Amino acid sequence: MKHRLMTHMVAYYPDGASSVKVAAAMIDGGSTYLEIQFPFSDPTSDGPAIQTACTQALENGFKVRLGFELVSSIRAISDIPIFIMCYGNTLLYSGVEAFIDRCAQQGVQGLIVPDLPFDYDEGLFRLSEKHGMSAVPVVAPTIGPQRLESILRTEPRFLYAALRKGITGKITEIGDDNIGFLRRISTAAGKKEIRILAGFGISHREQIDLLATHVHASIVGSAFVRTIIENGGKGVYAAVKHKMEELI
Amino acid sequence: MVWTQIHEPHRNEEKQVKGIYNDYFGDFGGRYVAEILRTPLDELERAWRESMDSDAYRSELQDLLVSYAGRPTPLLFAQNATRSCGGAQIFIKLEGLANTGAHKINNALGQALLAKRMGKGRIIAETGAGQHGVATAAACAKLGLKCRVYMGEIDIRRQRPNVFWMELFGAEVVPVVSGSKTLKDAINEALRDWAGSSTSTHYLIGSALGPSPYPDMVREFQSVIGREVEEEMRRLGLEVEALIACVGGGSNAIGFFAPFLGREKPRLVGVEAGGRGSGTGEHAARMGGFGTPGIVHGYKSLFLLDDDGQVGKTHSISAGLDYPGIGPQLASLGREGRIEFTRASDDESLAAVRFFASHEGLIFALESAHAGAAALEMAPEMPENRAIIVHMSGRGDKDLFILAKQLAGKGWRDFLLQEGREDEA
Ligand SMILES: Cc1ncc(COP(=O)(O)O)c(C=O)c1O
């Protein structure tokens, strides 16, 4: 059985043209959802790999406008559901509703904005719904039952479960702790139809095997950045495609 | 000298000063953090509120502020400076005389003690000029806590003496090489550390910024400065026209201004880094039309952003003032007009260091010298029966290398080269 994956890439990394190839490799490799990160100068939730990618993407001339152009070139080759991940400042600077409207026009399915939680969201959740998109709340293992309950009560279509503390990148061991956390979410969600996406530190097939029965899809991000750094010389498409085959 | 009770929470009814727990200040503030940081922030807020009501905590902090930090710090009548400027009487709040050389110790002690109460044995901090790092490292040495300080590589070079002191106090200083390699990047690294370590670690933020409750908490710890000044004003019967402080993130300014925020007088003047010009990347002035509303480091405020919403480049001769954002309460009070903002350039600040050294025998930190420069400009415009109070938030020992390079020239350079040669031999 093939796994459902949400594959993460940084727009304009390793450069503008190559990031279309990265997306194509993920799509051809069988990805279910594409998560495109719009780089920000100060990505505080990200570890060294994604930080490096963001810095390089900005040096490559990434602009929000070009990020949307990238989305539309990917749209031209595939109808894969696309999620945009970015930091709150990017929305605020464009105007929250203007940004969301732009996403909706490009056929983006959802937004993941880690520093806009539901109770400090600048209208993200309401406006996403208004424009027919899903804002994806992020939960972490430290979350208390009441707060988890408040998030689930909003009945999000997707929920992003960060599998451990810390930032992106470092390998996560899948064990009782994070499986217990995923069970806790499922139990709390009850009959609500919430698709759980789980990520942070997923880079090997074995981890995805262990997660598969507990989640709707596993998220893989930093691992692709590392793949590009290590093997990108031979061509990013081949490198990313190869990694996809290994994971799926 | 009289001296005021510390941590008598000032409950002021007026608009900006709703009390000590605000979260938002007008449009600014908030707690815009990834979920993983939410639990520690909620916990911190609870623990802080509880400690503010605890007599044991308050008296322990008070003892430390007196016997360890050296409070109260003096208010000096700068007679020679006044005579030379002509005009308003210039007074200087000598906060730089506090142990470790700046106002930062007030906040470091308050938070370190709080961390201890919370059972957190490890402290992390960011630092720009290194003064907050030194204060934190000292507080940790004193209270028996482990300490790690994140500091941008560029700041390490600019403020090398403070790195030495931090390490001597037993702290680990971690160079930050990402982004602009200055204060903002050190905050990023500290936030990343905390996301993984919060169970055992307290993040001791050094300025009145970051997600709530930090802006409220840091202001309260620093407001001891303002209360001492208020007491002295009353004792000396001063007709104070203006209080003047430099503004990096804003902790020394908000602490100095705190008791006066809900009143109409005196004028409150915040001085930002004018750097070497008003072009992009040449300064760090966020007020006066340069800053744009943004969300960075967990709070909403005015930030220096580029034309695509990325955090912009800044410049200042002083490592403590080149931060691209400003504490949310200051931004809000600036918008409302309660606080006026002005700028002092690198050169004006250097000239102010020189002026106060030769006229008053004081070495202003380069940060504080920005306030000094503004005072020198304002005093001559005012009548002699009025007073202005400048906040010398820190002293300039840490700036020896920058100052000597700028002011002593070749002699200093020869000395360094000779020292280097002798060291090698
Ligand atoms: C002496 C001194 N004054 C002022 C500042 C600026 O910080 P804030 O605006 O938080 O007082 C610093 C920061 O390092 C400092 O060392």
Side-chain angles (χ1 to χ4, degrees), chain A residues 38-48 51-52 54-55 57-58 61-67 86-96 99 112-122 137-144 146-148 151 160-162 164-170 200, chain B residues 23-24 27 29-43 126 176-180 183-201 210-212 292-313 324-325:
Chain A
F38 278 16
F40 179 49
S41 52
D42 295 79
T44 45
S45 295
D46 287 306
Q51 279 175 53
T52 305
C54 288
T55 306
L58 289 169
F62 171 86
K63 302 275 174 205
V64 169
R65 172 178 58 79
L66 298 174
C86 63
Y87 285 85
N89 196 58
T90 303
L91 272 82
L92 200 71
Y93 190 78
S94 303
V96 177
F99 188 89
I112 302 167
V113 191
D115 57 349
L116 293 184
F118 75 97
D119 48 353
Y120 287 93
D121 77 333
E122 295 291 307
V138 182
V139 295
T142 48
I143 194 166
Q146 276 179 353
R147 217 174 135 73
L148 179 60
I151 293 173
Y160 187 133
R164 55 161 170 75
K165 298 197 278 181
I167 49 178
T168 58
K170 223 174 75 198
F200 266 50
Chain B
D23 190 23
Y24 275 98
D27 289 340
R31 194 173 290 180
Y32 299 89
V33 293
E35 194 56 42
I36 191 67
L37 290 178
R38 185 52 187 258
T39 306
L41 285 168
D42 291 350
E43 230 175 62
E126 83 294 344
V176 176
V177 296
S178 55
S180 61
L183 179 59
K184 93 171 164 72
D185 310 283
I187 298 177
N188 291 341
E189 271 328 303
L191 286 168
R192 290 180 185 122
D193 181 317
W194 207 36
S197 65
S198 65
T199 319
S200 59
T201 298
S212 67
T292 311
I295 295 173
V296 183
H297 292 151
Y299 67 104
K300 198 206 271 192
S301 188
L302 295 173
F303 292 89
L304 291 170
L305 302 175
D306 73 8
D307 60 7
D308 205 43
Q310 305 294 340
V311 176
K313 292 195 171 27

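From a predicted model like this one, the values you see are computed outputs, not experimental measurements. Computed from heavy atoms alone, side chains included, the values below leave out hydrogens, waters and symmetry copies. A, B, ... follow the sequence lines: proteins, then strands. Residue 1 opens every chain.
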With a 4.5 angstrom heavy-atom cut-off, which part of A:Y120 approaches chain B: side chain, backbone, both or neither?
both

Using a cut-off of under 4.5 Å on heavy-atom pairs, state which of B:Q310, B:K300, B:E189 scores highest against chain A.
B:Q310

May I ask you to test the A:F99-A:Y93 pair for a side-chain heavy-atom distance under 4.5 Å?
no

Could you tell me which portion of B:L305 (side chain, backbone, both or neither) has an atom closer than 4.5 angstrom to a non-hydrogen atom of chain A?
side chain

Heavy-atom proximity to chain B below 4.5 Å, by part of A:L91:
neither

Heavy-atom pairs under 4.5 Å with chain B are the metric here; pick the option from A:V113, A:D115, A:T52, A:L58 that has the most.
A:D115

Name the option with the most non-hydrogen atom pairs under 4.5 Å to chain A; the candidates are B:D306, B:N188, B:L37, B:L191.
B:N188

Would you say the side chains of B:T199 and A:K165 form a donor-acceptor pair under 3.5 Å?
yes

Apply side chain to side chain donor-acceptor pair (under 3.5 Å) to A:R147 and list each qualifying residue two or more places apart in sequence or on a separate chain.
A:D119, B:E35

Going by heavy atoms in the side chains, are A:T44 and B:W194 under 4.5 Å from each other?
no

Hey, are the side chains of A:I143 and A:I151 touching, using non-hydrogen atoms and a 4.5 Å cut-off?
yes

Which region of A:T142, side chain (C-beta onward) or backbone (N, CA, C, O), has a non-hydrogen atom less than 4.5 Å from a non-hydrogen atom of chain B, or is it both or neither?
both

If the condition is side chain to side chain donor-acceptor pair (under 3.5 Å), which residues does A:T168 pass it with, not counting sequence neighbours?
A:D46

Under 4.5 Å to a heavy atom of chain A? For B:V311 that would be both

Any idea which of A:S94, A:P114, A:P48, A:G47 has the most non-hydrogen atom pairs under 4.5 angstrom with chain B?
A:P114

Is A:P39 close to chain B through its backbone or its side chain, or both, or neither, when contacts mean heavy atoms under 4.5 Å?
backbone

I'd like to check B:R192 versus A:P43 (side-chain heavy atoms, cut-off strictly below 4.5 Å). Are they in contact?
yes

If one checks every heavy atom of B:D307 against chain A at 4.5 Å, the contacting part turns out to be both

Report yes if some heavy atom in the side chain of A:L116 is under 4.5 Å from a heavy atom in the side chain of B:I295; otherwise report no.
yes

Checking B:R38 against chain A: side chain, backbone, both or neither under 4.5 Å from a heavy atom?
side chain

